[in-house]
Amino acid sequence: MSENWIVPCSVKFFDVVKHFEENDTIVWRKVSALKKGDTAYIYIGAPYSEIKYKCHIVDDDVDEKTLQSNEYAIRKTESGKRQKYIKMKLDHVYDDGELSLDKLRANSLGQTQIQARTDRRLQAFISNVDRGLGI
């Protein structure tokens, strides 16, 4: 069964907005139990402070060749151990303010610093927004 995730991004470290202007797939570090078929909502911190992208995970074990072609992907930790990565495909770009931090917090969003599953209330809110948009 697929799950829904909030995946945080800081544009200070990686300009995901620019990336998605030029690409419809992205390689992302995996720190939780995200798997192929899951949905990932990318939450962008300040100055945006909102969910901006809806993606689905197309690969949950990205190979070295793919990592080599994505120079922003950090391949090893300080200990030399290989990081795990997922590959996501962009499904939808939300309009500014559509899924703002205020709206998300009013619908049970907790912290936004780590990848986390959406709870029932938050997912119901996001799904309702998606239905209204026809996605």
Asker: Working to the nearest 0.5 angstrom, can you tell me the gap between Lys36 NZ and Met88 CE?
Answerer: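 Taking NZ in Lys36 and CE in Met88, the distance rounds to 15.0 Å.
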Asker: Do Val16 and Ile44 pass the side-chain contact (heavy atoms from CB on, under 4.5 Å) test, and can you show the C-alpha distance, the side-chain angles, and the key distance before you say yes or no?
Answerer: CA-CA 8 Å; Val16 69; Ile44 306 175; 3.7 Å; yes
Asker: Over all heavy atoms of both residues, which pair between Gly37 and Ser2 is shortest? Give the atoms and the distance, please.
Answerer: O-CB, 3.3 Å
Asker: List in chain and number order the residues that pass side chain to side chain donor-acceptor pair (under 3.5 Å) with Ser49, two or more places apart in sequence or in another chain; answer none if no residue qualifies.
Answerer: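 With sequence neighbours excluded, Ser49 shows a side chain to side chain donor-acceptor pair (under 3.5 Å) to no residue whatsoever.
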Asker: For Leu90 versus His92, what's the shortest heavy-atom pair and its separation?
Answerer: CD1-O, 3.5 Å
Asker: If you look only at pairs with a residue in residues 95-108, which of them pass as a side-chain hydrogen bond (donor to acceptor under 3.5 Å, both in side chains), with sequence neighbours excluded?
Answerer: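 The answer is Lys52-Asp96, Ser108-Asp119.
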Asker: Can you tell me how far apart NZ (Lys87) and SG (Cys55) are? Round to the nearest 0.5 Å.
Answerer: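 Reported value, rounded in 0.5 Å steps: 12.5 Å.
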Asker: Quick check on the hydrophobic clustering: are Val58 and Val27 connected, directly or via other members, by side-chain heavy-atom contacts under 4.5 Å?
Answerer: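 No.
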Asker: Would you kindly confirm whether Val11 and Val7 end up in one hydrophobic cluster when ILVMFWY residues are joined by side chain heavy atoms under 4.5 Å apart?
Answerer: yes
Asker: Tell me whether Glu50 contacts the main-chain N or O of Gly45 through its side chain, where contact means a donor paired with an acceptor under 3.5 Å.
Answerer: no
Asker: Between Pro8 and Thr112, what is the shortest heavy-atom contact and its length?
Answerer: CB-O, 2.9 Å
Asker: One pair to check against side-chain contact (heavy atoms from CB on, under 4.5 Å): Asn4 and Asp38. What are the steps and the verdict?
Answerer: CA-CA 6 Å; Asn4 298 294; Asp38 286 354; over 6 Å; no
Asker: Check for a donor-acceptor pair, side chain of Gln115 on one end and backbone N or O of Val31 on the other, with a separation under 3.5 Å.
Answerer: yes
Asker: When you compare the side chain of Tyr48 with that of Val17, does any pair of heavy atoms fall below 4.5 Å?
Answerer: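 Yes, their side chains come closer than 4.5 Å.
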Asker: Taking ring pair (Phe, Tyr, Trp, His ring centres under 6.0 Å) as the definition, give me every residue that meets it alongside Phe20, ordered by chain and number, with sequence neighbours left out.
Answerer: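 With neighbours one apart ignored, the set is Tyr53.
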Asker: Please walk me through it: do Lys89 and Asp24 pass side-chain contact (heavy atoms from CB on, under 4.5 Å)?
Answerer: CA-CA 6 Å; Lys89 180 151 179 52; Asp24 68 349; 2.5 Å; yes
Asker: Between the main-chain N or O of Thr25 and the side-chain N or O of Asn23, is there a donor-acceptor pair closer than 3.5 Å?
Answerer: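 It does not hold such a pair.
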Asker: Would you find more than 12 non-hydrogen atoms of other residues, nucleotides or ligands less than 6.0 Å from Lys54 atom NZ?
Answerer: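 Yes, enclosed.
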Asker: According to side chain to side chain donor-acceptor pair (under 3.5 Å), who are the partners of Ser127, at least two apart in sequence or on a separate chain?
Answerer: Gln123
Asker: Give me the other members of the hydrophobic cluster that Phe125 sits in, counting Ile, Leu, Val, Met, Phe, Trp and Tyr linked by side-chain heavy atoms under 4.5 Å, directly or via other members.
Answerer: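 Reading the cluster by chain and number, Phe125 sits alongside Ile6, Tyr41, Tyr43, Ile51, Tyr94, Leu99, Leu101, Leu104, Leu109, Leu122, Ile126, Val129, Leu133, Ile135.
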Asker: Testing Asp61, Ile57, Asp60 one by one against Lys30 for a side chain to side chain contact (heavy atoms under 4.5 Å, CB included), which residue passes?
Answerer: Asp60
Asker: Taking only residues two or more places apart in sequence, or in another chain, which ones meet Arg117 in a salt bridge (Lys or Arg N to Asp or Glu O under 4.0 Å)?
Answerer: Glu3
Asker: Test your reading of the model: is there a side-chain donor-acceptor pair from Ser32 to the backbone of Leu34, 3.5 Å cut-off?
Answerer: no
Asker: So Trp28 and Phe14, would you call those rings parallel, tilted or perpendicular, with 30° and 60° as cut-offs?
Answerer: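 Geometry flag for Phe14 against Trp28: perpendicular rings.
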Asker: Which atom pair, heavy atoms only, marks the closest approach of Ala124 to Arg131?
Answerer: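 Scanning both residues completely, I find the closest heavy atoms to be O-NH2, 4.5 Å.
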